[in-house]
Each structure stands twice: as structure tokens, then as C-alpha cells.
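Computed from a predicted structure; not experimentally measured. A note on names: the letters A, B, ... follow the listed sequences, proteins ahead of strands, and every chain is numbered from 1.
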2 protein chains.
Amino acid sequence: MELELSVDRSSPVPLYFQLSQQLEAAIEHGALTPGSLLGNEIELAARLGLSRPTVRQAIQSLVDKGLLVRRRGVGTQVVHSQVKRPLELSSLYDDLESAGQRPATKVIVNTVVPASAEVAAALGVAEDSDVHRIERLRLAHGEPMAYLCNFLPPALLDLDTAQLEATGLYRLMRAAGITLHSARQTIGARAATATEAERLAEEEGAPLLTMQRVTFDDTGRAVEYGTHMYRPSRYSFEFQLLVRS
Amino acid sequence: MELELSVDRSSPVPLYFQLSQQLEAAIEHGALTPGSLLGNEIELAARLGLSRPTVRQAIQSLVDKGLLVRRRGVGTQVVHSQVKRPLELSSLYDDLESAGQRPATKVIVNTVVPASAEVAAALGVAEDSDVHRIERLRLAHGEPMAYLCNFLPPALLDLDTAQLEATGLYRLMRAAGITLHSARQTIGARAATATEAERLAEEEGAPLLTMQRVTFDDTGRAVEYGTHMYRPSRYSFEFQLLVRS
DNA sequence: GTAGTTCGATTGTCCGGACATTTGCATTGA
DNA sequence: TCAATGCAAATGTCCGGACAATCGAACTAC
């Protein structure tokens with residue numbers, strides 16, 4: 001196996017990034033089979049005309065992604081795993097769209113309200129200060145799927161109802177220059193109340209999947225707090241957790 | 001602010017790790033307040049008698065943990081976030097114990113069975129090959145909390161019923177030298193069947209929180225597959241998702 | 001044959017330096 | 001007054017080298 005690797009030094013793309021992308025593509029494509037050794041770093045660096053730290057940086061980024069494993073004294077090998085693409089912090093809208101489900105959104109509420117104690121604590125703003133409140137019904141194939149209630153700090157972005165119905169909240173945030181970083185989520189279940197049941201076309205007492213989430217941007221600011229309710233027959237959460245060492 | 005930092009060069013602990021631990025402790029302890037600059041890398045390196053790459057490695061590890069943010073041309077600052085400790089891949093047993101709940105386990109089944117198609121696919125073993133099957137009832141304060149059904153590949157570790165009742169599965173795996181790396185989880189909800197209801201002291205049709213998980217070690221091997229059912233009144237999932245870039 | 005030892009291979013850690021890129025601010029100019 | 005320019009500061013990228021720690025396998029001794 002002679003893996004074709006090359007870097008373009010005239011490109012503004014960092015060299016280590018070029019290399020890591022090529023390696024990732026090779027793994028994804030099957031050119032590098034699970035369990036196979038990657039060849040030692042020194043030789044790889046020499047072959048590409050790069051220094052060892054640069055090669056290490058490329059490899060390390062793939063190790064962090066869980067695609068490679070390094071073993072001292074042995075070498076670096078491709079992980080032997082079914083899981084190719086770790087699931088990340090995702091948007092329900094994007095999830096549905098990439099699943100080919102043609103999502104639709106109906107905005108029920110889009111207003112500004114004083115923050116309750118709960119919302120204020122989650123967003124890190126003063127109690128009774130103004131926050132956006134939006135409530136949406138998310139549908140797929142015309143069937144209700146989830147009821148979404150979100151709160152956003154003021155002056156973060158302008159929430160146009162038409163835009164909210166055309167796309168997802170995360171996408172609007174990214175478009176407004178907000179870099180999402182992490183989210184703290186709580187997932188539970190409970191029986192539907194009468195009003196919830198009606199909104200979601202379920203019966204009273206039917207099990208609902210609930211999710212509460214606070215999303216943070218890269219500066220650690222809370223940019224969104226939400227309480228969502230999903231129909232468990234239509235949706236379940238799928239994600240990958242990594243051990244942090 | 002004169003943060004006290006020092007490294008011990010005679011220690012076998014890597015220098016970058018010593019530094020990152022001290023910085024993390026300072027953030028946790030409040031000596032470094034959110035939003036405050038960390039001082040530039042060059043000066044920090046000089047003060048500690050370290051090279052810049054070593055200091056960068058320490059800082060980078062904290063950036064990966066979400067505690068710091070770097071901005072080119074500005075500096076490195078402490079993240080302004082309520083979330084101090086990102087939740088990691090956790091064990092129900094440990095969760096309960098650290099919450100002071102004195103967990104107990106009752107082993108219902110502990111045997112070896114041929115792998116069904118579903119189990120074989122999850123664990124990456126041949127269909128009908130031998131796998132361990134354990135079913136456990138997890139209690140807290142004497143109250144049933146969850147019903148856990150797990151499958152493990154053979155010859156991974158010996159599953160002693162007494163040990164299983166004394167501690168959690170993850171802890172047994174770690175003690176056997178298995179380095180857990182990641183887990184793919186699916187969380188959903190549904191109504192309890194009659195037998196499930198009886199096991200968990202719920203009523204038939206009551207909402208249950210369900211979780212399916214495949215856990216991988218650092219070589220990418222699947223080391224555990226499980227189907228769990230939780231009483232939503234007693235337990236909910238709380239975790240933090242990071243955006244992977 | 002088996003257990004212990006040695007040795008080569010490979011990654012882990014660390015250094016000191018160089019230049020590029022981006023940011024924020026002060027200065028300058030219209 | 002306001003916008004454009006220039007400058008300093010900080011992180012981003014990259015280099016080439018050095019030594020340490022660990023693993024696996026071949027080898028040796030019993």
C-alpha cells in the first residue's frame with residue numbers, strides 16, 4: 001500500500017491540516033483499513049518534506065477525533081471501530097433535513113418577555129430583564145414531531161418569524177456570527193398533559209421525551225436556553241460521548 | 001494578581017501536565033476569574049523556565065476542555081461560563097454514588113448466551129458466538145431505579161455476580177485494564193410493558209426512559225452493549241456535548 | 001522448553017527559535 | 001468628526017533537534 005500524500009506549501013491552509021484531511025479521507029475511503037499501521041512519524045515526515053511536530057499535530061487531531069490510536073513503541077494505527085463519524089452537537093432541523101425528512105416549523109410565539117428566575121439563571125442574565133421567547137412546533141412530513149420552547153438573551157440576533165419558519169435556530173445563530181461551542185443537556189421523560197397531547201397529536205398520559213438545553217458559544221456565554229418535548233415514536237437522541245482524560 | 005505557578009522538573013509527571021493542572025485548579029478555585037487574561041505565552045514560559053511549546057501544550061489541553069479561549073492578537077482568557085466540569089461518559093453506579101445515593105445492584109441474570117443478530121452487530125462478533133449476558137436491577141435507597149441488560153464479548157473479563165452486586169460494570173472494566181474511550185448512545189422513551197412495570201414498581205403504560213449504548217475502548221473495540229430502562233421520576237440524563245471542529 | 005534479558009523501533013516530552021497572521025489601538029489624514 | 005493607515009502585541013504555524021519511556025520481539029541462559 002503506497003498511500004498518496006502530498007502537501008501544497010503555497011496554500012494558506014495549514015500544512016498539518018492538509019495532512020490530517022488527507023489521512024481522514026483515506027480512512028473514510030477505506031484506503032487505510034482498520035488496524036493497519038500508519039508508518040512511523042519520522043519516515044512520514046521525511047516523505048512529505050515536513051517536520052515531525054507538524055506530522056504529529058496532524059495525527060494528534062485525528063487521535064482526538066477517535067480515528068487513530070497511538071501506542072508508544074508500537075506505532076499509530078487506524079481504529080477498528082464501526083463508529084466513523086462521532087455525532088456532534090446537532091440541530092433538530094439539520095438532523096431532520098439530512099435524514100431527508102423535509103422539516104417544517106410553525107412559530108406559535110415570538111415575543112419578548114421578562115426573564116423568570118429559571119430562565120435568568122440558565123442564561124446568566126438578571127431576573128426580569130428582557131429575553132426573547134419563541135415557541136415552535138416542528139413537523140416532519142406534516143406530522144408534529146416536537147414542541148420547542150426557547151429563550152434567548154436580548155440583542156443577540158433579530159428573530160424574524162419568517163426566518164424561523166424557513167430554517168433552524170442554530171443555523172440562524174451561526175449566520176449571525178455566533179460560534180457555538182457546547183451545550184449542557186438534560187434528557188428525561190414524562191407523561192403528556194392534556195395541552196401537550198393536543199399540540200403533538202398524542203393522547204393524554206402518553207410518554208414524551210423531554211430535553212432541556214443551555215447552549216454556550218466559544219466565549220462561554222449562554223446563547224440559548226430551551227425546553228423541548230419530542231414524540232418518542234418519531235424521535236430519539238443519538239450521540240456519542242467521549243471520555244475526557 | 002500574581003498567580004503562583006511552579007513546576008517540578010524532577011517529577012515524572014510531564015511539565016505541561018503539571019502546568020495545566022495548576023491552571024485548572026486556579027480556575028476552579030477562583031484565583032483566575034472568568035474573562036481575565038492569562039498573560040502571554042512568551043512571558044509565562046519565561047517566568048516558569050519552560051519553553052513556549054510546553055506552555056502552549058498545557059494551555060491547549062485546557063482549551064480542549066472548554067476552560068480557556070484563545071484569540072489571536074488578544075490573548076488567552078478564562079471562559080465565562082457556569083459550566084465548570086463538562087460531564088463525561090459516566091457510569092450510573094458512579095453517578096449515584098457521587099450523588100450520595102448509596103446504590104445497590106441485584107443481579108437477575110449472569111450467563112453466557114449465543115449472540116443474536118442485534119447483539120452481534122453491536123459488538124462486532126459473529127452471530128451465535130458466545131457472549132456474556134447480564135441483567136441487573138439498580139436500586140437507590142431501596143427503590144428500583146433502572147433495569148439494565150448488558151452484553152459483553154467473551155474473554156474480556158470474568159463477571160462475578162458478587163462483584164457485580166458490589167460495584168458498577170465500568171469500574172470492573174477499568175480494573176481489568178480496559179481503557180474506555182467513547183460510547184454511542186440512543187436515548188428514547190416509551191410506555192412500560194406489564195413485566196417492565198412490575199420490575200420497576202411502576203404501572204403499566206407509565207413512561208420509561210430508555211437507553212441503548214455501545215461502549216468502545218481506546219482501540220475501537222466494542223466492549224459492551226446494553227439496553228437500559230430508567231424510571232423518569234428517579235433519573236434523567238445530564239451531559240455536555242461539544243462541537244467538534 | 002521456558003523464563004529472563006537485551007535491543008531496536010516508535011511514540012512522548014521538551015527545547016529554542018523563526019516567521020506569519022490576526023487583533024486592537026493609536027495615529028494620521030481628509 | 002470620521003475613516004484609513006500603521007504599529008505593537010499576541011497567538012498560529014513550522015522547523016530541526018535531543019533525550020526519555022515504552023513496547024515487542026529476538027535472543028540467551030537455565
Report summary line: Rounded to the nearest 0.5 Å, the CD atom of Glu165(B) sits from the OG1 atom of Thr167(B) at a distance of 12.0 Å
Query - Expected output: side-chain Gln22(A) to main-chain Ser6(A) donor-acceptor under 3.5 Å - result: yes
Query raised in the report: Reckon Arg9(A) has a side-chain N or O less than 4.0 Å from the OP1 or OP2 of dC15(D)?
Result: yes
Query raised in the report: Which of the following nucleotides, dT11(D), dC15(D), dT13(C), is nearest to the side chain of Gln57(B)?
Result: dT13(C)
Requested in this report: Report, as a single string ordered 5' to 3', how protein heavy atoms within less than 4.0 Å touch nucleotides 16-25 of chain D: B base, S sugar-phosphate only, - not at all.
Outcome: B-B--BBBS-
Query raised in the report: Can Thr105(B) and Arg138(B) be counted as having a side-chain donor-acceptor contact under 3.5 angstrom?
Result: yes
Side-chain donor/acceptor pairs under 3.5 Å, residues 31-44 of chain B, sequence neighbours excluded:
| from | atom 1 | to | atom 2 | distance (Å) |
| --- | --- | --- | --- | --- |
| Ser36(B) | OG | Thr33(B) | O | 2.6 |
| Asn40(B) | OD1 | Ile42(B) | N | 3.0 |
| Asn40(B) | OD1 | Glu43(B) | N | 2.6 |
| Glu41(B) | OE1 | Arg52(B) | NE | 2.8 |
| Glu41(B) | OE1 | Arg52(B) | NH2 | 3.0 |
| Glu41(B) | OE1 | Arg56(B) | NH1 | 3.3 |
| Glu41(B) | OE2 | Arg56(B) | NH1 | 3.1 |
| Glu41(B) | OE2 | Arg70(B) | NH2 | 2.2 |

Query - Upstream residue (5' side of DNA chain C) when Val55(B) and Gln60(A) are each assigned their closest nucleotide - result: Gln60(A)
Query - 5'-most by nearest nucleotide on DNA chain C - Asn40(A) or Pro12(A) - result: Asn40(A)
Query - Nucleotide nearest Arg56(A) (side chain, heavy atoms from C-beta), chosen from dT13(C), dG12(D), dA10(D) - result: dT13(C)
Query raised in the report: Has the side chain of Gln18(B) got a donor or acceptor atom that lies under 3.5 Å from a matching backbone atom of Val13(B)?
Result: yes
Review item, side-chain donor-acceptor pairs of residues 111-125 of chain A, under 3.5 Å, at least two apart:
| from | atom 1 | to | atom 2 | distance (Å) |
| --- | --- | --- | --- | --- |
| Ser116(A) | OG | Val119(A) | N | 3.3 |
| Glu118(A) | OE2 | Tyr225(A) | OH | 2.4 |

Query - Nearest-angstrom distance from the residue atom CG of Leu19(B) to P of dT13(C) - result: 14 Å
Requested in this report: Ignoring backbone atoms, establish whether Thr76(B) has a side-chain N or O less than 4.0 Å from OP1 or OP2 of dA10(D).
Outcome: no
